[in-house]
Every structure is written in C-alpha cells, then in structure tokens.
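Have a look at the structure below before the remarks.
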Amino acid sequence: MASSLKPLDQQVMVITGASSGIGLATAQDAARRGAKLVLVARNGDVLEAIVGGLRASGHEAIHVVADVSDRAQVENAAAQAIARFGRIDTWVNDAGCTIYGRLDEVSEADSRRLFDINFWGMVNGSLTALPHLRMTGGALVNVGSEASEVAIPLQGMYSASKHAVKGFTDALRIEIEQVDGAPVSITLIEPTAVDTPLPRHARNYLKNEPKLPGPQLDPHQVAAAILQAATTPTRNLKVGAIASLDVAVGKFLPGVADVLSVFQVPRQQTDQPAREREGALYRPRSEGRIYGCGNGKAR
C-alpha cells in the first residue's frame, strides 16, 4: 500500500459520475479543500455549469464528457487531465445507476447495460488510471455499496454489479499493492442508502415510483469517506452504521438476512404510480443535484 498520499490541496483528482449525487458532493468538498478537479459524466451542459460555478469561486476544474462504459472515452478523460494538470493523484470511480425490478422480469439488454456502467465503467477507470498513479503514487477509489456484500431484492442486478466491483477491486489491490508493491492505494467505499437522485435515474419495472429505504446518508458523508481514502491509505470504508450491521448479519446469519430482506420490498417503492421508466440507463438526465428527496434538500 502507498506509504503516503498527498494532501488534497496538492492533488489532481478525477471524479466520474460527477454531475449529481455522491460524485458532485465529492467534487464540491474536494474543491473547498484545494484539489484541482477533472469532472467526468455524460451530460456536458450540467458539467459545464458545475465547473463554471467552481471556477467562479476560485477553484481549478475542467470537465470531460464521457460514457464510462467506453474505454476510449475514459482514456480521453485521462489524457485531458494530463494535458491540463500534468498528472493524476486520485481517481474516483463513482459513476453508476440501478434497475428496480425482479430479476426474472428485467431484460437482458438492460442488465448488460447496467454492468457496462457499474462494473465495466469501474474497470475502465481503474485500468486507465493505474499507469498514471503508478508513476507518481496515488489513490484509486472505487465506490461500491453495502450491496457489494449483501443482496437487495428488486435491485438484484445492481447488487450483482456491486459484488463484481468488490471482487475486482480486492483482486486488483492484491496484485498492485501486495504483489507489485506499487505506490498506489486502492480503496472500496461501501455506503448504505444515500439521499441522491439514484431512484430518479433508475430503469424502473415496478408499478410504483421507486425509492431508497430510510434512514439515508447525506451524500457529503460518503464524500468525506472518499476524500479520506484519497489522503490516507485505506483498504475498505463502510459508510453508515447500517452498512456495517447489514454486512455483519449477512455474513454471520445469512438465513436471518434473507428473511429480513423481504421487508425491503415495500420499502423500495412509493404509493405513487410509476412515471418515466427509462431513467438514465441509456441517456443522461439533466440534473446537477446532490440530493434526491430523502431529506427535502434541493442541492
């Protein structure tokens, strides 16, 4: 593991999924602490507005429009980061989406698209970032979920993708940190439910509008964990007491966890009829919002 990482005010940080939710919260908090930022997402108009606001406040930032499922687009983001700032100190793989629906009802095309974003997007970011991080030392931070270790009914394919994120991240850490002894810290972040627009961006097969069960974390709590991993070599960070509890129950009392998970089915949908069902699986949504609706905040 990297023996030391730079303080944030000396870092160049690339953040995918930076146009809303955890990614946007991380960008704001990193900027306040002096990091130079490269913000990556599919929605160029939203990214341009975000970067404009950061620059107006005296922060250094650029944006790159990219679909993380396309390796060439991710490599272009890295190239633009190097062209502008000369190096990459931390790369945060945050881009992701979800599908609400039973596994036997979700189409194969939708399931594959989810993996293209959540899993292959993380792989593309990781393997693109590594050569740069190896050169000068740095941190790779992959945003998983408590769903990396427990199953969530009605979000089964999301759970599967996050399990895959954990498997890849753990194996990569062993190869890079332990086998190679490279100066790269590789961290998996595992939050419980977070108050972001994720349900609004979801592909929805349910009859009703989807939601995340409460209580929900503030996205800035997850951002704090990401920034901790960017400055302090860390293997794994669970965010929220519920994440630690759920993972422990799933590990030591799996039968009990299965029974308790049944109660998550009604807690993941509202009593309102479903509206727009496609979500952001195939096209970006105009957002620029950190929060969803869990705490009533607009940004």
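What you see is a predicted model, and the numbers here were worked out from it, not measured in a lab.
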How close do [X] and [Y] get, counting heavy atoms only, and between which atoms?
{"X": "T231", "Y": "L8", "result": "CG2-CG, 3.6 Å"}
{"X": "A66", "Y": "V40", "result": "CB-CG1, 3.7 Å"}
{"X": "L212", "Y": "P199", "result": "CG-CG, 3.7 Å"}
{"X": "G240", "Y": "L217", "result": "CA-CD2, 3.9 Å"}
{"X": "D195", "Y": "G292", "result": "OD1-N, 3.1 Å"}
{"X": "V64", "Y": "L47", "result": "O-CD1, 3.7 Å"}

_By salt bridge (charged side-chain N to carboxylate O under 4.0 Å, His left out) - contacts of R267 (at least two apart)_ =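 So R267 forms no salt bridge (charged side-chain N to carboxylate O under 4.0 Å, His left out) with any residue.
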Can you find a pair of side-chain heavy atoms, one from [X] and one from [Y], that are under 4.5 Å apart?
{"X": "I82", "Y": "I88", "result": "yes"}
{"X": "C97", "Y": "L114", "result": "yes"}
{"X": "P213", "Y": "Q268", "result": "yes"}
{"X": "I186", "Y": "T169", "result": "yes"}
{"X": "D29", "Y": "H220", "result": "yes"}
{"X": "L172", "Y": "L140", "result": "yes"}
{"X": "Q269", "Y": "V265", "result": "yes"}
{"X": "I290", "Y": "Q28", "result": "yes"}

In terms of heavy-atom contacts, does [atom1] of [X] have more than 12 from other residues, nucleotides or ligands at under 6.0 Å?
{"X": "R87", "atom1": "CZ", "value": "yes"}
{"X": "E108", "atom1": "CD", "value": "no"}
{"X": "R283", "atom1": "CZ", "value": "yes"}
{"X": "R102", "atom1": "CZ", "value": "no"}

*R113 vs D110, salt bridge (charged side-chain N to carboxylate O under 4.0 Å, His left out): CA-CA, chis, key distance, verdict*: CA-CA 5 Å; R113 175 59 179 163; D110 285 351; over 6 Å; no
Pairs where [range] contributes a residue and the test salt bridge (Lys or Arg N to Asp or Glu O under 4.0 Å) is met, not counting sequence neighbours:
{"range": "residues 41-56", "answer": "none"}
{"range": "residues 70-86", "answer": "E60-R84"}
{"range": "residues 240-264", "answer": "none"}

Within the distance-only criterion (no hydrogens, no angle test), does the side chain of [X] pair as donor or acceptor with the backbone N or O of [Y] below 3.5 angstrom?
{"X": "R285", "Y": "R200", "answer": "yes"}
{"X": "S69", "Y": "D67", "answer": "no"}
{"X": "E276", "Y": "G279", "answer": "yes"}
{"X": "N204", "Y": "N208", "answer": "yes"}
{"X": "N124", "Y": "V68", "answer": "yes"}

In this structure, would [X] and [Y] fall into the same cluster of hydrophobic residues linked by side-chain contacts under 4.5 Å?
{"X": "L245", "Y": "V194", "value": "no"}
{"X": "F115", "Y": "V74", "value": "yes"}
{"X": "W91", "Y": "V123", "value": "yes"}
{"X": "V184", "Y": "M135", "value": "no"}

*For the pair F168 and F119, name the ring-plane relationship: parallel under 30°, tilted 30 to 60°, perpendicular over 60°.*
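Because their plane-to-plane angle is over 60°, the rings of F168 and F119 count as perpendicular.
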Can you give each donor-acceptor pair under 3.5 Å made by side-chain atoms of residues 143-150, sequence neighbours left out, with the distance rounded to 0.1 Å?
{"unit_1": "S145", "atom_1": "OG", "unit_2": "A147", "atom_2": "N", "d": "2.8"}
{"unit_1": "E146", "atom_1": "OE1", "unit_2": "T192", "atom_2": "OG1", "d": "2.5"}
{"unit_1": "S148", "atom_1": "OG", "unit_2": "S145", "atom_2": "N", "d": "3.2"}
{"unit_1": "S148", "atom_1": "OG", "unit_2": "S145", "atom_2": "O", "d": "3.1"}
{"unit_1": "S148", "atom_1": "OG", "unit_2": "K162", "atom_2": "O", "d": "3.0"}
{"unit_1": "E149", "atom_1": "OE2", "unit_2": "K238", "atom_2": "NZ", "d": "3.2"}

*If you look only at pairs with a residue in residues 11-27, which of them pass as a side chain to side chain donor-acceptor pair (under 3.5 Å), with sequence neighbours excluded?*
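Every side chain to side chain donor-acceptor pair (under 3.5 Å) pair that includes a residue of residues 11-27, provided the two are not neighbours, is Q11-T90.
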